[in-house]
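Numbers for residues simply follow the sequence, beginning at 1. Every heavy atom of this structure was used, including side-chain atoms; hydrogens, water molecules and symmetry mates were not. Remember, predicted model here, so these are calculated numbers, not experimental data.
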Amino acid sequence: MPLTEANPVRLGAPAPDFALPDTNGRVHRLGDFDAAPALLVAFISNTCPFVVHISEGFARFARDFADRGLAVVAINANDDATRPDENLAALGLEAARAGYGFPYLKDAGQEVARAYGAACTPDLFLYDRDRRLAYHGQFDDSRPKNDKPLTGVDLRAAVVALLAGGRPAETQVRSIGCNIKWRPGNEPAVEGSAAA
């Protein structure tokens, strides 16, 4: 699997709308999260080692901030025609295994991933109350087999700053992981319509 870095996406870019099903068939839209002062849109995978490495810690992170105003939604955009372990039924199994307490949605057409400029898994987009991009960086610097502790320190600092009425640091380390598995012929010509 190619190691892929997140695309450069302009801070302040608006969150693209979406309407995607969760593992129970309920369709979720961007507007469903309007009451939350901060929204994290996370492009993840069931099988990418970088996501598997953080999955349970990421679930704990989301629980830690749920009562403080952070809404989290995860999106899987991998082509499930070639990777059936990334289909909607498999998402439900993975959500239960990892303890995800947030919606895990399927972007079967991959239009939402393209609109966000997502390139890898995990690819994390943190939006402020006005749904302007405030943080597009890594969870932390822990990686499979690098023996660094999984803390979520980078993303935690960004969320804390945002919920306190401030702004995350403008210097942000881009996420790195597995490439999104695009359907043949569906690969973005220039990765990410929101790219800088």
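Side chain of Arg131 to backbone of Asp17: no donor-acceptor contact under 3.5 angstrom is found. Side-chain atoms of Glu5 never come within 3.5 Å of backbone atoms of Ile176 as a donor-acceptor pair (strictly under, hydrogens ignored). In this structure a side-chain-to-backbone donor-acceptor pair under 3.5 Å is present from Asp107 to Val112. Using modelled atom types, no side-chain atom of Arg174 and backbone atom of Asn7 make a donor-acceptor pair closer than 3.5 Å. Of the possible donor and acceptor atoms, one in the side chain of Arg114 sits under 3.5 Å from a partner among the backbone N and O of Asn186. A side-chain donor-acceptor contact under 3.5 Å links Asn78 to the backbone of Lys181. Using a distance-only test at 3.5 Å, with no hydrogens or angles considered, a donor-acceptor pair links the side chain of Arg63 to the main chain of Gly99. With hydrogens and angles ignored, the 3.5 Å screen pairs a side-chain donor or acceptor of Gln172 with a backbone N or O of Ala134.
Taking the ring centroids of Phe43 and Phe125, they lie under the 6.0 Å cut-off. For Phe65 and Phe102, the distance between ring centers is not under 6.0 angstrom.
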**Asked** Please walk me through it: do His53 and Cys48 pass side-chain contact (heavy atoms from CB on, under 4.5 Å)?
**Response** CA-CA 9 Å; His53 177 68; Cys48 170; over 6 Å; no

**Steps toward side-chain hydrogen bond (donor to acceptor under 3.5 Å, both in side chains) verdict (Arg83, Ser45)** = CA-CA 11 Å; Arg83 295 179 176 268; Ser45 161; over 6 Å; no

**Asked** Can you check side-chain contact (heavy atoms from CB on, under 4.5 Å) on Val173 and Asp141, steps first, answer last?
**Response** CA-CA 9 Å; Val173 178; Asp141 62 358; over 6 Å; no

**Request:** For disulfide bond (SG atoms under 2.5 Å apart), just list the numbers for Cys120 and Cys178, CA-CA rounded to whole Å, side-chain angles, deciding distance to a tenth of an Å, and then say yes or no.
**Result:** CA-CA 5 Å; Cys120 61; Cys178 306; over 6 Å; no

**Item:** Residues Asp123, His136; criterion side-chain hydrogen bond (donor to acceptor under 3.5 Å, both in side chains); working and verdict
**Value:** CA-CA 8 Å; Asp123 205 346; His136 182 228; 2.7 Å; yes

**Request:** List the steps and the verdict of side-chain contact (heavy atoms from CB on, under 4.5 Å) for Val73 and Leu40.
**Result:** CA-CA 6 Å; Val73 60; Leu40 177 66; over 6 Å; no

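Closest of all the heavy-atom pairs between Pro149 and Ser142 is O-CB, 3.5 Å. Residues Leu150 and Gly57 come closest through the heavy atom pair CD2-CA, 4.0 Å. Scanning both residues, Asp140 and Val153, for their nearest heavy atoms gives CB-N, 3.8 Å. Closest approach of Leu30 to Leu39, counting heavy atoms only: CD1-CD2, 3.5 Å. Here the closest non-hydrogen pair linking Trp182 and Ala118 is CZ2-O, 3.7 Å.
Between Asp79 and Gln110 there is a side-chain heavy-atom pair separated by less than 4.5 Å. No side-chain heavy atom of Phe50 sits less than 4.5 Å from a side-chain heavy atom of Thr121. Under the 4.5 Å side-chain criterion, counting only non-hydrogen atoms from C-beta, Tyr135 is not in contact with Tyr127. Side-chain contact between Arg26 and Asp32 is present, with heavy atoms from C-beta onward closer than 4.5 Å. Counting heavy atoms from C-beta on, the side chains of His28 and Pro21 never come closer than 4.5 Å. In this structure, Leu133 and Leu126 have side chains that are not in contact, with every pair of non-hydrogen atoms separated by 4.5 Å or more. A 4.5 Å side-chain heavy-atom check between Glu86 and Lys106 finds at least one atom pair inside the cut-off. Using a 4.5 Å heavy-atom threshold, the side chains of Pro37 and Leu163 count as touching.
The hydrophobic cluster containing Leu91 does not contain Leu93, counting ILVMFWY residues as joined when their side-chain heavy atoms lie under 4.5 angstrom apart, directly or transitively. A continuous path of ILVMFWY side-chain contacts below 4.5 Å connects Val72 to Val51, so both sit in one hydrophobic cluster.
Ring geometry for Tyr100 versus Tyr104: interplanar angle over 60°, hence perpendicular rather than tilted (30 to 60°). Between Phe18 and Tyr116, the angle of the ring planes lies from 30° to 60°, which puts this pair in the tilted group.
In Asn146, the CG atom is crowded: over 12 heavy atoms of neighbouring residues, nucleotides or ligands sit closer than 6.0 Å.
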